[in-house]
J.: 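Please see the structure below; I have some questions.
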Amino acid sequence: MKAFKRTTVTAALPYANGPKHIGHLAGAYIPADVYVRYLRSQGRDVVFVCGSDEHGTAIPNQAVKENTTPRAIIDKYHVQMRDCFQKLGIAFDIYHRTSEALHHQTSQEIFLALFNKGLLNEEVSEQYYDDEAKLFLADRYIVGTCPKCGNPNAYGDQCEKCGSSLSPRDLINPRSTITGNVPVLRETKHWYLPLEQYEGWLKEWILKGHADDWKTNVYGQCKSWIDAGLQPRAMTRDLNWGIKVPLPDAEGKVLYVWFDAPIGYISATRAFFEEMSSGKLVYAQPQRKFGPVAADDWKKYWQDDETKLVHFIGKDNIVFHCIIFPIMLHAHGEFIVPDNVPANEFMNLEGDKMSTSRGWSIEMHEYLEDFPDKPDVLRYSLLTNLPETKDSEFTWKDFQTRNNSELVNIFGNFVNRALVLTQKNFNNQVPVKGALQPIDEAVIAALREQPGRIAEALEQYRFREATAALMDLARLGNKYLADTEPWKLVKNEGNLERVGTILHIALQIVANLAIAAEPFLPFSAARINEMLNLKTSHWTDAGSDTLLAEGHELGVSSLLFEKIEDEVIARQLEKLHAKKASMNPVAHTVTPLKNEVTFDDFAKLDIRVGRVLTAEKMPKSDKLLKLTVDTGVDKRTVLSGIAKHYTPEEMVGKQVTLIANLAPRKMMGIESQGMILMAEDGDGKLRLLQPNEVVMPGAVVS
RNA sequence: GGCGCGGUAGCUCAGUUGGUUAGAGCACAGGAUUCAUAACCCUGAGGUCGGGGGUUCAAAUCUCCCCCGCGCUACCA
C-alpha cells in the first residue's frame with residue numbers, strides 16, 4: 001500500500017438540469033463526505049471538491065421544457081443543489097460550477113494541451129447547417145422524410161415511426177426544427193480522442209495494477225469495456241451551449257460535456273486555491289485549516305504522485321471516471337490518475353427504480369422540507385443501506401426502523417442515560433474515577449479498540465461496516481450500564497464513589513461517541529459536544545478514556561433523536577404515490593403532430609389486417625419475435641420487436657395490422673416482409689392495433 | 001444473445017488463499033430490569049448458502065450447466 005501525502009476527493013458533479021434525489025446521495029455524496037470528514041478528523045491533508053455540471057444538450061432542452069433560458073435553469077438548480085448539500089452536512093471545501101470562466105479556461109487549456117501534443121484526431125465530415133440560426137444542427141434538431149418508411153417527420157438520428165436508426169444525411173427533404181428552413185450541408189470538423197491507443201496502458205494500470213484494491217463491480221465493468229475494445233470518441237460537439245473549442249475556425253463548436261465535466265474537479269480545486277490565496281472567498285468554504293496557500297497549490301492536488309485521488313460516483317459514471325477521464329489525464333502527461341473509484345450501485349425506492357422524471361423519488365429538497373431537523377437521520381439510514389456491492393433498497397419503513405430502534409433506542413438513549421444519571425447524582429459534573437474493576441478495564445479496552453475498527457472499514461471504503469461499528473460503540477455503553485447497574489448501587493450511599501467511577505467511564509464513552517460519530521452524524525456529534533460542554537476533538541483522541549476531566553461541568557442535555565410515528569411514514573408513502581400519479585401525464589409528452597401529407601402519400605401504403613399463424617422467439621434476440629402472418633394474399637414472415645410485450649403463445653391466432661408493401665428488411669439473418677403496427681403507451685408498453693371485430697385476413701385499412 | 005456484477009435467516013447485509021456446530025443488525029419469542037424516548041441488557045428460535053452435476057478427506061467458497069435480478073451491448077422496418 002502506497003503512502004500518500006495528501007488526498008483529493010471528488011464527488012460526481014451533479015447535472016444541473018433538475019433536482020437530485022436520495023439515490024444520488026447514497027451513490028456518491030454521503031460516502032464521500034463521510035470519508036473526507038474522517039480524513040479531516042485525522043488531521044490528514046485533504047481537499048473535497050464538487051460543483052454543478054452545467055453544460056450539455058440536456059440543459060437547453062430543459063430550458064425549453066420550463067420555458068426559460070439555459071442560464072436560468074443552471075442558476076436555479078445550482079443554488080438548489082448547493083443549499084441541499086449544505087443542509088445535509090455534505091461539507092465540500094468548494095462547490096463550484098462549470099459555467100465559471102475559470103472552468104472554461106481550464107478545460108480549454110487541457111484541450112489545447114492535448115491538441116498541441118497531436119493527441120486529438122481531426123476529422124471532417126459533412127453535417128447539416130442552418131443558415132438563418134447560424135448553427136450546425138444536432139441530429140435531433142433535423143426532421144425529414146424517412147427513407148425507409150416514408151414518415152415525413154423522422155428525426156435525424158431515428159425515425160420514431162419505423163424505428164430505423166438514421167443519420168441526418170439519410171433524410172429526404174430535411175428541415176431544421178429551429179427555423180423550419182432547409183439546412184445546407186456543410187463540412188464540419190471534430191476532434192476525436194483515440195481511446196483505443198491507450199488500451200495497453202489501461203490494462204497495465206487497471207487490470208494489473210488495481211485487481212486487488214478496486215471494488216469488483218468497478219473492476220469488472222472496466223474489464224468489460226477494455227476487453228470489448230475502445231473506439232475513438234469525439235471530444236467536441238456542434239452546439240451553442242458549452243465551452244468554446246479554443247481553435248480557429250471552431251465557430252459554434254463546444255467541448256463535449258463529458259470532456260469538460262470531470263475537468264470541473266480540477267477547476268474547482270484551482271478556484272479553491274485561487275480564492276484562498278487571494279482571500280476573496282466566492283465558492284470556497286474551507287472545512288479545515290489550510291494554512292497559507294498559493295494560487296497554484298491546486299497542482300499539488302492533481303499533479304503530484306504523492307497525492308491520492310479518489311472519485312466517488314454512481315455506477316452510471318464508471319466508464320467516464322475509469323476510462324475516458326484517466327486517459328485524458330494520462331495523455332496530457334502532467335496529471336495523476338485516480339487511486340480508487342469506489343462507485344456504488346443504485347438505490348431503489350419502495351420496490352422500484354428511483355426516477356425523478358417518473359416521480360418515483362425522494363428529492364433532496366423534498367426530504368429537507370419534510371424533515372428539516374433530521375439530516376442525520378437520512379444520512380444514517382442511507383449509510384446503513386448503501387448500495388456498496390449490489391443495488392439496495394430504500395423504504396420508509398426501514399427509515400423509521402433505523403431511526404427508532406437504532407438512533408433513538410441505542411445511540412440517543414445511551415447518551416441520554418449517561419447524562420441524566422450524572423445530572424441526578426453528581427450535579428452535572430464529571431465524577432471522579434476511582435479504583436477500576438475488571439469490568440471497567442474490559443470496557444476501557446474495548447473503547448480503545450473500537451475507533452480502529454471504524455477507521456479500518458473507512459479506509460477500505462466499507463461504509464456500512466463502519467456505520468455498524470459506530471453503533472457498536474453505543475451498544476458497548478448500554479451494555480456497560482446494564483452490567484454495572486449504577487442506579488441500583490446509588491441507593492446505598494457507601495457506593496457513591498463506585499457509581500462515580502461507572503458514570504465517569506460512561507461519559508468518556510459518550511465523548512468518544514462524538515468523535516466517532518462526527519463523520520457519519522455531524523450534526524448530532526456537534527450536539528453531543530455541546531451537551532458535554534466539550535470542544536470538538538479529533539480522531540487522534542478517539543479511544544481515549546481521559547477526554548473529560550474530573551469535575552468538568554457538563555452542558556445542558558436534550559434528546560438527540562425523536563421517534564418517528566407510523567403516521568409520518570404513512571404520509572410519506574401517500575405522498576410518493578401521489579407524486580408518481582401526478583407525474584404520469586406530464587412524463588408522457590404526447591408526440592407532436594407531424595407535417596401534413598397528401599392523400600396520395602397515404603394511399604401508397606398498403607395497410608391491411610392479417611392473422612398470425614405461427615410465432616416464435618428469434619434466437620439470440622431479446623426483442624424480436626418471428627411471426628408468420630396470413631395477409632390474405634400470401635403467408636409471409638414478419639419480424640417484430642415486441643418480444644418484451646407479447647409471448648409467442650399469445651400472438652398465435654391474433655389479428656394484427658400490418659404494412660404489407662414495406663420494403664423487405666433483413667434482421668439477424670432473416671428477412672422481414674412487412675411491419676406490424678403497434679400503439680406505444682405512455683409507459684413505453686406496446687399494444688397491438690386490431691379491428692374491434694374480427695375481419696377476414698387481408699381486409700384493407702383505409 | 002454476448003459481456004460484467006449479484007442471488008446467504010422474514011427484512012437489510014457480512015463471510016471466497018476450501019477446513020471445527022455459516023455470522024451481524026433489524027423484526028419475532030421468552031427472560032431480566034427500571035437510570036433512560038415501554039428504551040436498554042440476556043437468551044432463544046429461524047438458513048437445502050438460487051438449482052443441479054463435478055473436483056476433494058472436506059465446497060457458501062473451486063469447476064461446469066441451468067434459473068432469477070441489475071447494468072452495458074446487439075436485434076425494434
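Just so it is clear, the structure is predicted and the values come from calculations on it, not from any experiment. Lettering follows sequence order; numbering is per chain, from 1.
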J.: Could A/Lys315 and A/Glu345 be called an ion pair, given the rule that one side-chain N must be under 4.0 Å from one carboxylate O?
T.: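 A salt bridge links A/Lys315 with A/Glu345.
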J.: For A/Met618 and B/G1, what is the distance between atoms CE and P respectively, to the nearest whole Å?
T.: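 Distance, rounded to whole Å: 13 Å.
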J.: Tell me the partner of B/U48, counting only Watson-Crick (N1-N3 plus N6-O4 or O6-N4) or G-U wobble (N1-O2 and O6-N3) with both under 3.5 Å; none if nothing fits.
T.: none
J.: If we call it a pair only when both distances are under 3.5 Å in a Watson-Crick or G-U wobble match, what pairs with B/A32?
T.: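 None - no nucleotide pairs with B/A32, as no candidate has both distances under 3.5 Å.
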J.: For the C1' atoms, the ones on B/G52 and on B/C68, what distance do you get once it is rounded to whole angstrom?
T.: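 The same atom, C1', in both gives a distance of 15 Å.
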J.: For the P atoms, the ones on B/U48 and on B/U34, what distance do you get once it is rounded to whole angstrom?
T.: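 Nearest-Å result for B/U48 against B/U34 at atom P: 41 Å.
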J.: Can you tell me, in whole Å, how much space there is between the C1' of B/A22 and that of B/A9?
T.: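 Pairwise C1' distance, B/A22 against B/A9, rounds to 11 Å.
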J.: Please state how far atom CD in A/Glu465 lies from atom P in B/G25, giving the value in whole angstrom units.
T.: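 Atom CD in A/Glu465 sits about 14 Å away from atom P in B/G25.
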J.: Between B/A59 and B/G53, how far apart are the two C1' atoms, rounded to whole Å?
T.: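 Going atom to atom, C1' in each nucleotide, I get 14 Å.
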J.: Rounded to whole angstrom, note down the P distance from B/A60 over to B/U8.
T.: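 Taking atom P in both B/A60 and B/U8, they lie 15 Å apart.
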J.: Using a cut-off of strictly less than 4.0 Å, decide whether A/Thr389 has a side-chain nitrogen or oxygen near OP1 or OP2 of B/A14.
T.: yes
J.: So that I know where these two stand, are A/Tyr461 and A/Tyr35 an aromatic pair - ring centroids less than 6.0 Å apart?
T.: yes
J.: Considering Watson-Crick and G-U wobble pairs with both distances under 3.5 Å, what does B/G19 pair with?
T.: B/C57
J.: Taking the side chain of A/Lys623 as heavy atoms from C-beta outward, which of B/A14, B/A36, B/C75 is closest to it?
T.: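 Selected nucleotide (nearest to the side chain): B/C75.
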J.: Using a strict threshold of under 4.0 Å (side-chain N to carboxylate O), is an ion pair present between A/Lys374 and A/Asp376?
T.: no
J.: Please determine if a side-chain N or O atom of A/Thr216 lies less than 4.0 Å away from the OP1 or OP2 oxygen of B/G6.
T.: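 So the side-chain polar atoms of A/Thr216 do come within 4.0 Å of the phosphate oxygens OP1 or OP2 of B/G6, strictly under.
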J.: Regarding A/Val420, tell me which of base, sugar-phosphate or nothing describes its non-hydrogen contacts under 4.0 Å with the strands shown.
T.: sugar-phosphate
J.: From CD of A/Gln221 over to P of B/G2, roughly how many Å is that when rounded to an integer?
T.: 17 Å
J.: What is the base-pairing partner of B/C70, counting Watson-Crick and G-U wobble geometry with both distances under 3.5 Å?
T.: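 Looking at the geometry, B/C70 pairs with B/G4.
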J.: How would you label the contact of A/Leu386 with the nucleic acid (heavy atoms, under 4.0 Å): base, sugar-phosphate, or nothing?
T.: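 No contact at all - A/Leu386 keeps every heavy atom at 4.0 Å or more from the nucleic acid.
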J.: Using a strict cut-off of less than 4.0 Å between a Lys/Arg side-chain nitrogen and an Asp/Glu carboxylate oxygen, indicate whether A/Arg358 and A/Asp352 qualify as a salt bridge.
T.: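 A salt bridge is present here (some side-chain N lies under 4.0 Å from a carboxylate O).
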J.: Kindly say whether A/Leu207 contributes a backbone atom to a donor-acceptor pair with the side chain of A/Tyr219 at under 3.5 angstrom?
T.: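 Flag set: sc A/Tyr219 to bb A/Leu207 pair under 3.5 Å.
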J.: Of A/Thr401 and A/Lys353, whose closest RNA chain B nucleotide lies nearer the 5' terminus?
T.: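 The residue whose closest nucleotide sits nearer the 5' end is A/Thr401.
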J.: Roughly how many Å apart are B/C75 and B/C66, using the C1' atom of each and rounding to a whole number?
T.: 24 Å
J.: Relative to the 5' end of RNA chain B, which residue comes earlier, A/Arg402 or A/Asn385, by the nucleotide with the nearest heavy atom?
T.: A/Asn385
J.: Can you see if the side chain of A/Arg475 gets near the phosphate of B/C26 - specifically, an N or O under 4.0 Å from OP1 or OP2?
T.: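 Indeed, a polar side-chain atom of A/Arg475 lies that close.
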J.: For the pair made of CG in A/Leu481 and C1' in B/U34, what is the distance, rounded to whole Å?
T.: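 In whole Å, B/U34 C1' lies 13 Å from A/Leu481 CG.
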J.: Have a look at A/Met667 and say if it touches a base, only the backbone sugar-phosphate, or nothing, with a 4.0 Å heavy-atom cut-off.
T.: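 Sugar-phosphate only.
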J.: Name the closest nucleotide to the A/Asp391 side chain, picking from B/U37, B/C70, B/G1.
T.: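 Taking heavy atoms from C-beta onward, the closest nucleotide is B/C70.
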J.: Tell me yes or no: between the side chains of A/Gln400 and A/Asp566, is some donor less than 3.5 Å from an acceptor?
T.: yes
J.: Kindly point out which of B/A39, B/C3, B/C35 is positioned nearest to the side chain of A/Trp487?
T.: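 Given the options B/A39, B/C3, B/C35, the side chain of A/Trp487 is closest to B/C35.
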J.: For B/G4, does either OP1 or OP2 sit under 4.0 Å from a side-chain N or O belonging to A/Lys315?
T.: no
J.: Expressed as a whole number of angstroms, how long is the span from A/Trp225:CH2 to B/C72:P?
T.: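 Between P of B/C72 and CH2 of A/Trp225: 9 Å.
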J.: Base, sugar-phosphate, or nothing for A/Thr395, non-hydrogen atoms under 4.0 angstrom?
T.: nothing
J.: Can you tell me the Watson-Crick or wobble partner of B/C75, both distances under 3.5 angstrom?
T.: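 Pairing partner, where one exists within any strand: none, as none qualifies.
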J.: Do the side chain of A/Asp622 and the base of B/A74 come within less than 3.5 angstrom through a donor-acceptor pair of N or O atoms?
T.: yes
J.: Check the distance between B/C40's P and A/Glu406's CD and give it to me in whole angstrom.
T.: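 The distance from CD of A/Glu406 to P of B/C40 comes to 10 Å, rounded to the nearest Å.
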J.: Could you give the CG-to-P distance, from A/Leu639 to B/C76, as a whole number of Å?
T.: 9 Å
J.: Within 45° of the six-membered ring axis of A/Phe411 and under 6.0 Å from that ring's centre, is NZ or CZ of A/Arg475 located there?
T.: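 No.
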J.: With a 4.0 Å limit, can you tell me whether A/Ser405 has a side-chain N or O closer than that to the phosphate oxygens OP1/OP2 of B/A27?
T.: yes
J.: In whole Å, measure the gap between the P atoms of B/G71 and B/A38 for me.
T.: 43 Å
J.: Measure NZ/A/Lys390 against P/B/G71 and give the value in whole Å, please.
T.: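 From A/Lys390 NZ to B/G71 P: 16 Å.
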J.: Select base, sugar-phosphate, or nothing to describe what A/Lys488 touches, counting heavy atoms under 4.0 Å on all strands.
T.: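 The residue A/Lys488 makes sugar-phosphate contact but no base contact.
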J.: Applying a 4.0 Å non-hydrogen cut-off, can you work out what A/Phe561 is touching in the nucleic acid: base, sugar-phosphate, or nothing?
T.: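 It contacts base atoms.
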J.: Taking only side-chain nitrogens and oxygens of A/Lys479, does any of them come within less than 4.0 Å of OP1 or OP2 of B/C42?
T.: yes
J.: Just to confirm, is there a sub-4.0 Å distance from OP1 or OP2 of B/U33 to any side-chain nitrogen or oxygen of A/Arg417?
T.: no
J.: Please report the distance separating the C1' of B/G50 from the corresponding atom of B/U61, rounded so that it comes out in whole Å.
T.: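 Between the two C1' atoms, the distance is 16 Å.
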J.: Side-chain N or O of A/Arg464 less than 4.0 angstrom from OP1 or OP2 on B/A14?
T.: yes
J.: Is there a side-chain polar atom (N or O) of A/Lys424 under 4.0 Å from OP1 or OP2 of B/A36?
T.: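 Checking B/A36 against A/Lys424, a side-chain N or O does come within under 4.0 Å of OP1 or OP2.
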J.: Using purine N1 to pyrimidine N3 plus N6-O4 or O6-N4 for Watson-Crick, or N1-O2 and O6-N3 for G-U wobble, both under 3.5 Å, which nucleotide pairs with B/C26?
T.: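 Base partner found: B/G10.
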J.: With no hydrogens and no angle check, do the side chains of A/Gln423 and A/Ser557 hold a donor and an acceptor under 3.5 Å apart?
T.: yes
J.: I want to verify a distance call: between B/C5, B/C76, B/C40, whose nearest atom is closest to the A/Asn409 side chain?
T.: B/C40
J.: Side chains of A/Thr631 and A/Asp634: is there a donor and an acceptor less than 3.5 Å apart?
T.: yes
